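Accompanying notes for the structure given below.
By convention here, the first residue in the shown sequence is residue 1. Bear in mind that the values here come from a model prediction, so they are computed numbers and not experimental data.
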Amino acid sequence: MERSKKSLFLHTAGMMLAVLLLLLLCGTAAADGPHTVIVNCRGGGFVGISDQEDFRVTLTPDTRVQATDGSEWTLEALFHEPGFRLEGATLRFTVSEVQGANLLYSLFCGYYFSTPQRVLEGCNMWDISIPFSVWMESPQESLSLAPMHELNEFGFQVLEDSATLQLTFSVSSELPLFPLDRVQDRPFYEVALYMLEEENPFIEHYDDTADSLITASLPLGVPYYYAGRTEEKFLNRYYPQTITNYYRPDHMYFCGLDCVGMTRLVYEKSNMERHPSIIAMLARGIGSSALKSRDPAEWVSLFLPGELFCVHHGTYHVMMYLGTLRQFGWTEADAGEAASLLDEPLVIHCGGNPFYYDRYLAYIREKGYRNTYPPDGGVTVSVIRKTNKDAPHTMTTKWGKFFGWYMLGDYPLLVFPLDDCTEMAWFGVSQ
């Protein structure tokens, strides 16, 4: 090996300083954006150590991307736009076989490398902002996946041409929109959003932005019900399958979905691969280091719409990433209190929502149902933030759950807080 692993680790301090300087050189103005583009990478094969030889895979990024107006841009042209600022660079690649457990690998550009990570079979996602920032300044250098360990006969197999780069950036000049800058007509959007209540603004904005037409499946939205899995039982009344501070054994509740029921139904109806259990996704831990080390406001450079975010916060929960308010067509002029959240991550999930209670309470009275309680939540769009305690509107429900929200026009945009999450992970599938 040309340089020992020890010497590479010694470059870490210099690497961080170099990246800070690069980001300063890229400029601080961000009048236009953020924009996100996907770049396919050629390359694949074995990464690891065999017979004392270091095997790595060189990834060759395509250098052209297309805007929605049909114009074609080179990466070099984008990098040289006035005020260019790289917000994040994310690498995704698919692994078919792994030999050895808990071994560390990284993406290198010259002597600079991303945070060492484990690799697992299936989809992998890495934050590679550091080596990609170096590559931006020195594109003659190669981007290569390489091992950080010195054990013999261990490694993994990267599927040929399965790697992609997700680049998120801002500029001070005006650029056309790129495909990921606005929500697109996609099956998982259609299936997930139709579970919201009638006249929900996310349905309306999606219809306008993606040129679609969604009709809500239930006028009041799909309610939360533990172990709810299928549409056929929606609004049937059952005694609860689990007892909590809210769900009492002597009352009936409307059947709907729980969090896993919702995401699996979305994936099934969108012809996407069935995702594992929440516990299994958290055990994989893919992306957890990048998520924990960055403010959630920066997560838009890590996620793609349709991917999952899992947490353990006393209970297990899974959510599907949707994008941002800006990608749904909101602007500073019409987002109201939520204007400061335009570029922060939105998720759709089936979970706690105090506004479902009042909607379904009126429905119960209208139907004359006896011995029936309304749900304490349902399918909801939330913004992910560090905490919900600093939201402009807060309440503690009579069943002891604290909520915070921003008003998005007349719609209460709930905050999903991370301050009580002890575990978190990303999960992606082929779409």
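For the pair Ile128 and Leu143, the minimum side-chain heavy-atom distance is 4.5 Å or more. In this structure the side chain of Trp126 reaches within 4.5 angstrom of the side chain of Val119, judged on heavy atoms. Annotation: side chain of Leu107 is not in contact with side chain of Trp135 (no heavy-atom distance under 4.5 Å).
By the side-chain contact (heavy atoms from CB on, under 4.5 Å) test, Pro417 pairs with Asn388, Asp419, sequence neighbours left out. Legend: residues meeting ring pair (Phe, Tyr, Trp, His ring centres under 6.0 Å) with His275, ordered by chain and number and at least two apart, are Tyr267. Partners of Tyr225 according to the ring pair (Phe, Tyr, Trp, His ring centres under 6.0 Å) rule, which considers only residues two or more places apart in sequence or in another chain, do not exist here. Residues satisfying the ring pair (Phe, Tyr, Trp, His ring centres under 6.0 Å) test with Tyr224, not counting sequence neighbours, are none. Residues satisfying the ring pair (Phe, Tyr, Trp, His ring centres under 6.0 Å) criterion with Phe234, sequence neighbours excluded, are absent altogether. Applying the salt bridge (Lys or Arg N to Asp or Glu O under 4.0 Å) criterion to Asp358, with sequence neighbours excluded, gives no partner residue. For the side chain to side chain donor-acceptor pair (under 3.5 Å) test, residues two or more places apart in sequence or in another chain that qualify with Ser301 are Arg294. Applying the side chain to side chain donor-acceptor pair (under 3.5 Å) test to Lys292 and every residue at least two apart in sequence or in another chain returns nothing. Thr244 is linked by a side-chain contact (heavy atoms from CB on, under 4.5 Å) to Thr242, Tyr246, Tyr247, counting only residues two or more places apart in sequence or in another chain. Evaluation of the side chain to side chain donor-acceptor pair (under 3.5 Å) rule for Asp410 yields no partner, not counting sequence neighbours.
The distance from the CG atom of Leu414 to the CG atom of Asn353 is 5.0 Å, given to the nearest 0.5 Å. Going from atom CZ of Arg56 over to atom CG of Asp54 covers 5.0 Å, rounded to the nearest 0.5 Å. In this structure, the separation between SG on Cys41 and CG on Leu91 is 6.5 Å, given to the nearest 0.5 Å. Note that the OG1 atom of Thr263 and the CZ atom of Arg274 stand 9.5 Å from one another [nearest 0.5 Å]. Interatomic distance, Arg385 CZ to Thr387 OG1, rounded to the nearest 0.5 Å: 9.5 Å. Here Leu180 contributes atom CG and Gln327 contributes atom CD; the two are 7.0 Å apart, rounded to the nearest 0.5 Å.
Asp258 has a carboxylate O that lies under 4.0 Å from a charged side-chain N of Arg229, or vice versa, which qualifies the two as a salt bridge. Using a 4.0 Å cut-off between charged nitrogen and carboxylate oxygen, Lys269 and Glu231 count as a salt-bridge pair. The existence of a salt bridge linking Arg359 and Glu197 is confirmed by a sub-4.0 Å separation between a basic side-chain nitrogen and an acidic carboxylate oxygen.
Other residues, nucleotides and ligands place more than 12 heavy atoms under 6.0 Å from the CD atom of Glu72. Atom CD of Glu76 is surrounded by 12 or fewer heavy atoms from other residues, nucleotides or ligands within 6.0 Å. The environment of OH in Tyr226 is sparse: at most 12 heavy-atom neighbours from other residues, nucleotides or ligands sit within 6.0 Å. Few gaps surround CD on Gln66; more than 12 heavy atoms of other groups in view lie less than 6.0 Å from it.
Shortest non-hydrogen contact noted between Leu342 and Ala339 is CG-O, 3.3 Å. Scanning all heavy atoms of the two residues, the minimum distance from Val222 to Gly256 falls at CG1-CA, 4.2 Å. Nearest heavy atom pair, residue Gly329 against residue Asp334, reads O-OD2, 4.4 Å. Nearest heavy atom pair, residue Ala338 against residue Leu413, reads CB-CD2, 4.5 Å. Scanning all heavy atoms of the two residues, the minimum distance from Asp32 to Leu175 falls at OD2-N, 3.0 Å. Considering every non-hydrogen atom in both Val347 and Tyr321, the closest pair reads CG1-CA, 4.2 Å.
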task: Take Leu218 and Leu220 through the side-chain contact (heavy atoms from CB on, under 4.5 Å) test and state the conclusion after the steps.
output: CA-CA 5 Å; Leu218 297 178; Leu220 304 180; 5.7 Å; no
message: For Arg42 and Asp62: C-alpha separation, side-chain torsions, deciding distance, then whether salt bridge (Lys or Arg N to Asp or Glu O under 4.0 Å) applies.
response: CA-CA 8 Å; Arg42 296 181 297 280; Asp62 292 342; 2.6 Å; yes
message: Is there a salt bridge (Lys or Arg N to Asp or Glu O under 4.0 Å) between Asp376 and Lys401? Walk through the geometry before answering.
response: CA-CA 10 Å; Asp376 64 343; Lys401 185 74 179 288; over 6 Å; no
message: For Thr36 and Thr168: C-alpha separation, side-chain torsions, deciding distance, then whether side chain to side chain donor-acceptor pair (under 3.5 Å) applies.
response: CA-CA 4 Å; Thr36 298; Thr168 301; 3.2 Å; yes
query: Taking it one step at a time, do Asn124 and Thr94 satisfy side-chain contact (heavy atoms from CB on, under 4.5 Å)?
result: CA-CA 6 Å; Asn124 290 261; Thr94 303; over 6 Å; no
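Across Trp299, Phe427, Trp426, a single residue satisfies ring pair (Phe, Tyr, Trp, His ring centres under 6.0 Å) together with Phe309, and that is Trp299. Looking at Asp181, Asp343, Thr331 one by one, the single match for side chain to side chain donor-acceptor pair (under 3.5 Å) with Arg326 turns out to be Asp343. Tested against Phe416 for a side chain to side chain contact (heavy atoms under 4.5 Å, CB included), the candidates Pro345, Pro296, Cys421 yield a single pass: Cys421.
In this model, a donor atom of one side chain and an acceptor atom of the other lie less than 3.5 Å apart for Ser71 and Trp73. Using modelled atom types, one finds a donor on one side chain and an acceptor on the other under 3.5 Å when comparing Glu87 with Ser170. Using modelled atom types, one finds a donor on one side chain and an acceptor on the other under 3.5 Å when comparing Glu190 with Tyr206. Of the N and O atoms on the side chains of Ser114 and Ser106, at least one donor lies less than 3.5 Å from an acceptor on the other residue.
In terms of modelled atom types and a separation under 3.5 Å, the side chain of Ser138 and the main chain of Gln140 share no donor-acceptor contact.
Classified by interplanar angle (parallel below 30°, tilted 30° to 60°, perpendicular above 60°), the ring pair Phe178/Phe169 is perpendicular. The aromatic rings of Trp405 and His393 sit parallel to each other, their planes meeting at less than 30°, with 60° as the upper class boundary. In this structure, Phe113 and Phe108 have tilted ring planes: the angle between them lies in the 30° to 60° band. Note: Tyr360 and Tyr356 have parallel aromatic rings, judged against thresholds of 30 and 60 degrees for the angle between ring planes.
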Side-chain donor-acceptor distances from residues 154-161 under 3.5 Å, at least two apart:
from   : atom 1 : to    : atom 2 : distance (Å)
Asp161 : OD1    : Gly43 : N      : 3.0

Using atom types as modelled, flag every donor-acceptor pair under 3.5 Å from a side chain in residues 310-320 to any protein atom, sequence neighbours excluded.
from   : atom 1 : to     : atom 2 : distance (Å)
His312 : ND1    : Glu423 : OE2    : 3.3
His317 : NE2    : His349 : ND1    : 2.9

